[in-house]
> 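One structure, pasted below without further comment.
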2 protein chains.
Amino acid sequence: MPQTRLDLDRIHAARSVIDPVFLDTPMYRCDALGRRLGCTVSIKLETANPVRSFKGRGTELVASLLAERGRSAVVCASAGNLGQALGWSGGRRGLDVTVVASRRAPAAKLDRIRALGAELELVDGDFEMARERAATIAQRRGIRLLEDSLDIETCEGAATIGLELADKKSTFDTVLIALGGGAMATGVGYVLKTLAPGAEVICVQPMGAPAMTRSWHERRVITTESMDTIADGVAGRYPIPAVLDDLLAVADDAVLVRESSIIAGMRLLLEHAGLVVEPSAALGVAAVLEDPDRFAGRRIVTVICGSNVDLNAYHHWVHG
Amino acid sequence: MPQTRLDLDRIHAARSVIDPVFLDTPMYRCDALGRRLGCTVSIKLETANPVRSFKGRGTELVASLLAERGRSAVVCASAGNLGQALGWSGGRRGLDVTVVASRRAPAAKLDRIRALGAELELVDGDFEMARERAATIAQRRGIRLLEDSLDIETCEGAATIGLELADKKSTFDTVLIALGGGAMATGVGYVLKTLAPGAEVICVQPMGAPAMTRSWHERRVITTESMDTIADGVAGRYPIPAVLDDLLAVADDAVLVRESSIIAGMRLLLEHAGLVVEPSAALGVAAVLEDPDRFAGRRIVTVICGSNVDLNAYHHWVHG
């Protein structure tokens with residue numbers, strides 16, 4: 001069992017706290033996509049829920065803990081999906097939810113955060129600016145700051161995906177996981193390395209936002225000055241040291257992919273699986289497209305982590 | 001309990017025969033769509049599986065019975081989805097599967113039937129011509145003819161959707177079900193009238209293929225000379241008397257919708273739920289669009305029954 005901040009008993013216990021609408025998501029082979037990619041492809045679909053991403057698994061844990069402790073408010077920075085999920089989980093428990101996001105985040109994500117009743121504050125700047133601003137708000141108001149990937153509940157929530165994958169470990173060789181802050185990669189990776197050690201865990205990040213991947217390869221935190229990717233959901237510049245340590249313990253590899261491959265991945269997921277996905281959810285397919293020999297004949301699972309996309313942008317990418 | 005050809009014990013037993021990949025499909029509230037439609041909308045998603053429609057539930061039953069009995073071949077007529085599902089279920093059990101379809105069926109459906117290893121025979125004419133031809137093949141070769149909606153396994157398979165809905169009966173008032181041959185409507189309707197009698201069961205059919213709906217209203221079989229609808233999955237002209245009898249016992253209403261509403265429904269499902277669906281799967285939303293007062297403030301569930309659509313046609317409908 002790898003040494004990380006994660007704990008299998010806590011992850012099992014998390015399942016009883018998370019609303020079932022986020023659990024036991026579909027996992028199925030998509031042979032049409034597999035034929036195109038030259039390998040056996042299974043899809044783990046995390047978008048068929050009220051917030052259209054896997055983030056509800058983590059926010060359910062956070063919000064229920066806060067409610068238990070009588071706390072009334074919470075703030076987070078979000079690229080868009082965490083904010084929706086926290087809005088959903090917090091709103092149902094009577095919590096005041098504040099979300100700080102970049103003004104450049106997809107309008108669809110911002111609109112849905114507002115629609116969930118969360119207070120939305122926009123910053124001029126990227127996700128890292130939003131993180132700073134959220135920390136300031138938390139301190140000033142004396143409320144809980146939820147930090148994605150650093151706060152263990154976000155990793156534990158994502159790790160419940162790993163439990164579901166491990167139940168079907170005989171059906172795949174490799175899991176491809178979108179890498180952003182690292183909650184999903186460390187959570188899923190930890191469970192697989194513990195319950196399905198034969199499974200290969202490969203993290204995939206855009207070349208345009210490579211901080212965590214570079215950090216993983218150099219085994220120390222590498223930050224970047226800027227980012228340039230359409231995969232807004234995984235765009236960060238400052239890897240969190242504790243998360244990097246966990247990732248070093250559970251990932252077999254971390255690879256970077258081009259924007260053109262992400263777009264090609266989105267297009268293939270539409271054409272062969274009928275799925276409209278956000279760019280981050282196409283990272284796994286992009287990785288196969290960039291290195292087909294590596295995956296030839298392998299049985300892969302790709303986690304389709306979100307579908308919150310501006311349709312105009314999507315249309316431009318996929319049909320443009 | 002309504003008097004039909006269906007039996008609750010057999011439907012419960014069916015769950016243990018059907019591959020789990022088709023069972024316990026996502027059901028979730030989609031508030032973005034609900035706001036647009038003026039009611040509370042839940043989606044029951046039947047497309048996240050290897051054949052992208054609910055039909056696998058029924059073909060799993062049929063194929064496992066045939067395999068048990070040592071039969072080696074089966075033939076069916078299909079608008080496209082049943083053929084794929086039978087190809088999948090039969091192929092995994094070593095059965096020779098022959099599918100007869102109209103040459104006008106969507107190329108995407110025909111390609112996927114072939115890709116599943118089924119023998120595909122095309123007829124010049126509509127689904128009713130395919131039915132005739134399939135019966136001839138069955139007789140000539142002495143093999144099992146699978147008849148959708150008439151063969152009770154197809155209704156029982158679809159009825160397992162009803163069990164899953166009934167488990168959440170406190171969350172909805174009305175279920176909207178696409179009506180074609182009637183397997184899904186009678187199966188789901190029977191279970192709901194038995195286990196959740198408070199739930200309203202409304203069947204929805206295109207105005208361009210109204211035979212079963214007209215038959216339901218007149219309480220006798222009405223056939224039509226022709227059909228004209230993009231909702232290929234529900235297009236039939238000759239209602240089956242036994243299925244009509246069952247439908248009369250379990251449906252609260254059957255309504256017809258315009259093609260323009262089906263297209264608008266597909267567009268709303270894309271815009272507000274991120275789902276690419278085939279026209280038949282948009283019938284429920286179309287029904288709400290045509291009669292918003294009837295559904296205002298109600299809690300509805302719409303079964304998203306399939307996503308096998310030609311993307312070019314889809315694009316033309318939704319963005320054209």
Side-chain angles (χ1 to χ4, degrees), chain A residues 19-36 41-53 56 84 87-88 91-92 108 111-112 115-117 167-168 171 267 269-278 281 304 306-312 314-315 318-319, chain B residues 19-36 41-53 56 84 87-88 91-92 108 111-112 115-117 167-168 171 267 269-278 281 304 306-312 314-315 318-319:
Chain A
D19 189 289
V21 80
F22 297 110
L23 295 174
D24 301 321
T25 55
M27 176 166 159
Y28 58 100
R29 243 174 66 180
C30 181
D31 287 340
L33 188 56
R35 275 190 297 277
R36 174 62 183 77
V41 176
S42 292
I43 282 168
K44 179 68 173 163
L45 191 71
E46 292 294 314
T47 61
N49 64 54
V51 299
R52 295 171 56 174
S53 83
Q84 285 179 72
W88 193 89
R92 283 160 48 101
D111 289 346
R112 289 174 200 148
L116 284 158
D167 276 347
K168 296 181 177 168
T171 67
R267 194 176 290 132
L269 282 161
L270 176 64
E271 285 174 2
H272 298 291
L275 298 174
V276 171
V277 305
E278 60 181 272
I304 303 298
S307 71
N308 286 299
V309 69
D310 275 337
L311 277 181
N312 286 339
Y314 181 83
H315 195 79
V318 169
H319 304 289
Chain B
D19 188 290
V21 79
F22 296 109
L23 295 173
D24 301 320
T25 54
M27 177 166 159
Y28 57 100
R29 243 174 66 182
C30 180
D31 287 340
L33 189 56
R35 275 190 297 275
R36 174 63 184 75
V41 176
S42 292
I43 282 169
K44 178 69 172 162
L45 190 70
E46 292 294 315
T47 62
N49 64 53
V51 301
R52 296 170 55 173
S53 83
Q84 284 179 72
W88 194 89
R92 283 160 47 99
D111 290 344
R112 287 173 201 149
L116 285 157
D167 276 346
K168 297 182 176 168
T171 66
R267 194 176 291 133
L269 282 162
L270 176 64
E271 285 174 1
H272 297 291
L275 297 174
V276 171
V277 305
E278 60 181 273
I304 303 299
S307 71
N308 286 299
V309 69
D310 276 336
L311 277 181
N312 285 338
Y314 181 83
H315 195 80
V318 169
H319 303 289

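The analysis underlying the following values was restricted to heavy atoms, covering all of them including side chains, and did not include hydrogens, waters or symmetry mates. Each chain gets a letter, A, B and so on, in the order the sequences are listed, and its residues count up from 1.
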> Any donor-acceptor pair under 3.5 Å linking the side chain of B/N49 with the backbone of A/Y28?
no
> Quick one: does B/R92's side chain get under 4.5 Å of B/D19's, heavy atoms only?
yes
> Examine whether an atom of B/A273 lies under 4.5 Å from a heavy atom of chain A, and if so say whether it belongs to the side chain, the backbone or both; otherwise answer neither.
backbone
> Need one label for A/V21: side chain, backbone, both or neither, based on atoms under 4.5 Å from any heavy atom in chain B.
side chain
> If you count heavy-atom pairs within less than 4.5 Å of chain A, which of B/H319, B/R112, B/E271 leads?
B/H319
> I need the residue from A/L270, A/L116, A/I43 with the largest number of non-hydrogen atom pairs under 4.5 Å to chain B.
A/L270
> Can you tell me which of B/P26, B/C30, B/A48 forms the most heavy-atom pairs within a distance under 4.5 Å of chain A?
B/A48
> Which residues pass the side-chain contact (heavy atoms from CB on, under 4.5 Å) test with A/D31, sequence neighbours left out?
A/R29, A/R35
> Working to the nearest 0.5 Å, report the span between CD1 of A/I304 and CD of A/E278.
10.5 Å
> How would you list, by chain and number, every residue that makes a side-chain contact (heavy atoms from CB on, under 4.5 Å) with B/D24, sequence neighbours excluded?
B/R15, B/E164
> Using non-hydrogen atoms and a 4.5 Å limit, figure out which bit of A/A115 sits close to chain B: side chain, backbone, both or neither.
both
